[in-house]
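Below is one structure, written out as structure tokens; comments come after it.
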Amino acid sequence: MSERMRDEPGLPEQGHRPSILAPAGDRESFLAALAAGADAVYCGLKIFSARMEADNFGMEELAGLTALARSKGVEVYVAFNSMIKEGELDKTLRILKKLCVYVNPHGLIVQDLAMISLSRQAGFKGQIHLSTLANASFGQGLSPVKALGIDRVVLPRELTVDEIKSMAEQAPKGLDLEVFVHGALCYAVSGRCYWSSWFGGKSGLRGRCVQPCRRVYTQNREKSRFFSCMDLSVDVLVKVLKEIPKISTWKIEGRKKGPHYVFYTVKAYQMLRDEGHDPQKRKTAMAFLDYAMGRPATHYNFLSQRKINPVNKDSETGSGLFAGRVRQGTSPYFITREALFGGDLLRLGYEDHKGHSIQRVNRPVPKKGKFVLKKDKYLSKGTPVFIVDRKEPEIMEQVNRLERELEAMPKVKVKPQPSGISPKPPAARQRKTTRHRERGPVDVRLTRNAQKTKGRMGQAVWLSMDQKVKLPGRAVKEIWWWLPPVVWPDREKDLAQAIGQVMAKGGRKFVLNMIWQKSLFPEDKGLELWAGPFNNLANAAAVNCLKPLGFSGAVVSPELGGKQFMQLPKETELPLGVVVKGNWPLCVSRSLSTDIRLDTPFLSPMGEAAWVTRRDGDFWVFPAWPLDLTSKEQEFKKAGYQMVITMEEPVPKGVVMKRRQGLWNWNLSVL
């Protein structure tokens with residue numbers, strides 16, 4: 001019996017039957033999801049999707065596939081969960097109109113708040129699902145989510161089952177919850193990762209992450225994949241989720257996976273949901289999951305009393321099914337740990353290895369059989385071999401049958417759609433009437449140590465959930481209090497108490513790094529609440545939707561390029577702020593490898609230095625060179641920015657900050 005099988009709690013089954021939501025990154029995977037009997041399929045377009053590295057779908061192709069899915073009683077959700085830059089709203093609305101006219105999906109998965117109003121403007125009448133990238137991570141924060149018109153929230157993968165139950169209990173009427181049950185784990189909290197963008201302008205918030213966390217790093221001469229996580233697999237423990245009526249959907253991650261993975265994961269979770277009381281069926285389901293070509297799996301944080309670190313340097317964390325290691329003879333070969341089918345695709349080496357290659361299996365090979373590889377100058381003894389795709393005859397027969405049905409259906413011809421976005425009236429720009437507008441731009445210095453502030457105008461401090469505020473009331477009143485970018489259910493009371501302590505001393509100025517933190521404040525007209533930069537606000541429509549929620553201003557995403565920065569103040573109804581200098585984190589995580597030392601530098605394969613430190617129970621990864629847009633400061637002020645922020649982060653002893661340009665995406669325009 002496996003370790004995961006022994007974890008299974010003996011809870012009685014009841015009648016709740018959550019939907020199984022399957023991923024589809026291409027046509028064959030979509031059809032495999034239908035063949036497996038998925039209740040719903042989620043996929044993305046070739047633009048504005050959080051998995052732009054998947055093949056994704058054109059509008060005409062998706063229209064046909066959605067019609068086929070409807071005929072089978074299967075719902076289709078389109079992931080439109082990319083951060084939208086200023087200047088892209090018109091294009092976004094045109095695409096949404098096409099989507100409504102020709103595809104008419106059952107739901108849209110979004111992270112950018114602009115998508116709520118844009119989708120309704122386009123005529124979309126289906127459900128709006130809030131992506132895990134939007135980081136709705138604590139129960140009380142679900143109220144403002146519902147107030148914005150959201151129908152479902154995709155919960156973070158980091159939650160324990162007790163935290164999921166807590167959020168379900170606090171979820172407003174009419175708001176469903178969706179939980180990931182299987183698939184890849186990111187090291188960082190979704191929506192709080194800037195690693196890929198910082199290292200090369202390819203943003204995870206734009207669906208173009210190059211997965212720098214999967215690379216080999218060096219610390220104190222030890223080389224390891226310190227941040228590369230195993231996969232998540234709730235497997236038999238979904239029995240617990242079945243007892244929570246608010247959990248309407250079990251989600252399988254994997255839009256970059258092939259039909260083999262999709263088919264077997266859907267079948268496994270169907271079996272666990274419908275026949276999980278049968279020990280033999282559970283055993284078969286577990287075998288299906290082991291066979292689905294994912295990474296080694298973990299329950300991660302799911303069991304509150306038995307959390308598992310997802311980072312294990314001794315575990316293979318390359319994508320695909322690990323099949324063996326290269327041996328050297330007359331020709332390179334490996335002894336396969338799995339049976340190979342003709343047509344299987346093998347990846348030799350990790351994705352980040354120079355010269356990693358793909359080879360196709362040309363003949364069946366039994367388990368523990370020898371397979372001779374083509375010679376390659378990059379191949380060396382010990383190189384890992386992964387099965388990354390396979391076309392089993394039994395599955396492909398079902399996929400091909402559905403393909404024939406699809407081909408027989410009427411074809412859809414998509415025509416261009418007008419956007420219909422009207423220019424913002426001048427009156428909108430005249431409504432910026434906060435004190436900042438009256439007194440001109442404010443220069444703000446953000447620190448972590450409240451004792452170092454002097455209560456002057458422009459001082460800002462991170463509000464800690466672990467330390468009491470010991471400043472006199474006069475200082476507290478003048479300080480801008482910055483809330484953390486992540487709040488978990490087990491800490492929401494701590495944060496509420498910290499806010500209450502500041503307000504009791506007269507504090508009224510706060511920067512909220514989660515929109516949903518608004519729920520922690522009373523309806524007090526004397527408050528000045530700004531949305532912080534971790535909300536990833538990048539367009540005027542997203543900023544403007546904050547005004548009805550009671551926000552006074554917004555600090556925009558630091559990922560933007562120069563053109564987008566300069567466009568925004570002209571279009572927003574709220575005053576804007578911008579971070580011009582400071583140690584901006586590569587990411588925030590709830591996990592840390594036992595092999596990485598805190599506050600100690602580590603190096604990337606390219607010699608880029610960084611370090612990890614702990615803040616309020618989470619782990620922040622910082623690069624050893626700062627963001628520095630101070631050369632653009634006057635441009636920001638001239639463009640109309642009302643708050644200009646410098647972030648001061650303590651640098652540990654032993655970390656040497658490099659002198660290098662910190663313009664980030666200023667000249668690149670984030671991809």
Side-chain angles (χ1 to χ4, degrees), residues 50 83 133 135 156 158 185-219 224-229 310-311 352 446 448 462 482 484-486 513 532-536 557-560 579-593 595-629 645 647-652 654-666 668 670-671:
M83 180 177 74
L133 284 161
N135 196 238
E158 289 86 356
L185 280 173
C186 290
Y187 174 72
V189 176
S190 291
R192 301 296 181 263
C193 186
Y194 308 89
W195 207 327
S196 179
S197 175
W198 184 260
F199 275 13
K202 294 187 176 181
S203 172
L205 296 169
R206 299 277 289 177
R208 299 185 182 277
C209 180
V210 297
Q211 297 187 317
C213 60
R214 298 283 181 194
R215 298 174 185 169
V216 174
Y217 290 88
T218 304
Q219 187 182 67
S224 182
R225 297 182 187 277
F226 294 115
F227 309 99
S228 185
C229 294
V311 183
D352 62 337
L446 173 63
R448 289 201 178 270
W462 284 100
W482 279 53
V486 180
N513 279 298
F534 288 89
N535 288 295
N536 305 314
S557 168
E559 275 199 323
L560 295 178
V579 178
V580 296
K581 188 175 182 180
N583 297 345
W584 185 265
L586 296 176
C587 74
V588 180
S589 176
R590 205 177 189 184
S591 301
L592 183 71
S593 168
D595 300 299
I596 197 84
R597 292 181 60 185
L598 291 175
D599 301 314
T600 303
F602 63 85
L603 297 176
S604 77
M606 300 297 292
E608 299 147 322
W611 79 90
V612 186
T613 195
R614 189 164 188 167
R615 299 279 182 262
D616 285 325
D618 291 317
F619 300 97
W620 295 52
V621 183
F622 287 98
W625 69 99
L627 166 70
D628 189 357
L629 296 174
I645 302 142
M647 298 172 63
E648 294 184 359
E649 183 70 28
V651 178
V655 174
V656 178
M657 297 296 287
K658 290 187 177 181
R659 288 190 174 186
R660 59 187 299 179
Q661 197 173 41
L663 296 179
W664 203 343
N665 294 317
W666 181 271
L668 295 176
V670 61
L671 295 177

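Just so you know, these numbers use all the heavy atoms, side chains as well, and skip hydrogens, waters and symmetry mates. Values in this document were obtained by computation on a predicted structure and should not be read as measured data.
Closest non-hydrogen pair, Pro601 versus Gly654, comes out as CG-O, 3.6 Å. Summarising the geometry of Asn583 relative to Pro626, their closest heavy-atom pair is OD1-CB, 3.6 Å, with the distance given to 0.1 Å. For Phe602 against Ile596, the heavy-atom pair with the smallest separation is CD2-CD1, 4.2 Å. Between Ser557 and Met83, the shortest heavy-atom contact is OG-SD, 4.1 Å. Shown here for Gly204 and Cys209, the closest heavy-atom pair between the two residues is CA-CB, 3.9 Å. Nearest heavy atom pair, residue Val311 against residue Ser593, reads CG1-CB, 3.6 Å.
With rounding to the nearest 0.5 Å, the separation of CG in Leu586 from CH2 in Trp611 is 9.0 Å. For the atom pair Tyr217 OH and Ser224 OG, the distance stands at 12.0 Å (nearest 0.5 Å). Taking CG of Asp616 as the reference point, atom CZ of Arg614 lies at 10.0 Å (rounded to 0.5 Å). For the atom pair Cys213 SG and Arg225 CZ, the distance stands at 10.5 Å (nearest 0.5 Å). Between the CZ atom in Arg206 and the CG atom in Leu133 there is a gap of 12.5 Å [rounded to 0.5 Å]. Atoms CG and CG, on Asn536 and Asn513 in that order, are 9.5 Å from each other to the nearest 0.5 Å.
Applying the side chain to side chain donor-acceptor pair (under 3.5 Å) criterion to Tyr187, with sequence neighbours excluded, gives no partner residue. Under the side chain to side chain donor-acceptor pair (under 3.5 Å) criterion, Trp664 pairs with Ser197, sequence neighbours left out.
The existence of a salt bridge linking Arg615 and Glu649 is confirmed by a sub-4.0 Å separation between a basic side-chain nitrogen and an acidic carboxylate oxygen.
With no hydrogens or angles considered, no side-chain donor-acceptor pair links Ser203 and Arg208 at under 3.5 Å.
Panel note: side chain Gln219, backbone Thr600; a donor-acceptor pair is recorded below 3.5 Å. Between the side chain of Ser196 and the main chain of Val210, a donor-acceptor pair closer than 3.5 Å is present. When atom types are taken as modelled, the side chain of Arg192 and the backbone of Val486 share no donor-acceptor pair closer than 3.5 angstrom.
Annotation for Arg448: atom CZ counts as buried by contact number, over 12 foreign heavy atoms lying within 6.0 Å.
When ring centroids are compared, Phe227 and Phe619 stay outside the 6.0 Å threshold.
When each of Trp625, Trp198, Phe534, Trp195 is checked for a ring pair (Phe, Tyr, Trp, His ring centres under 6.0 Å) with Trp584, only Phe534 meets the rule.
At a threshold of 4.5 Å between non-hydrogen side-chain atoms, the residues Asp618 and Val189 do not count as touching.
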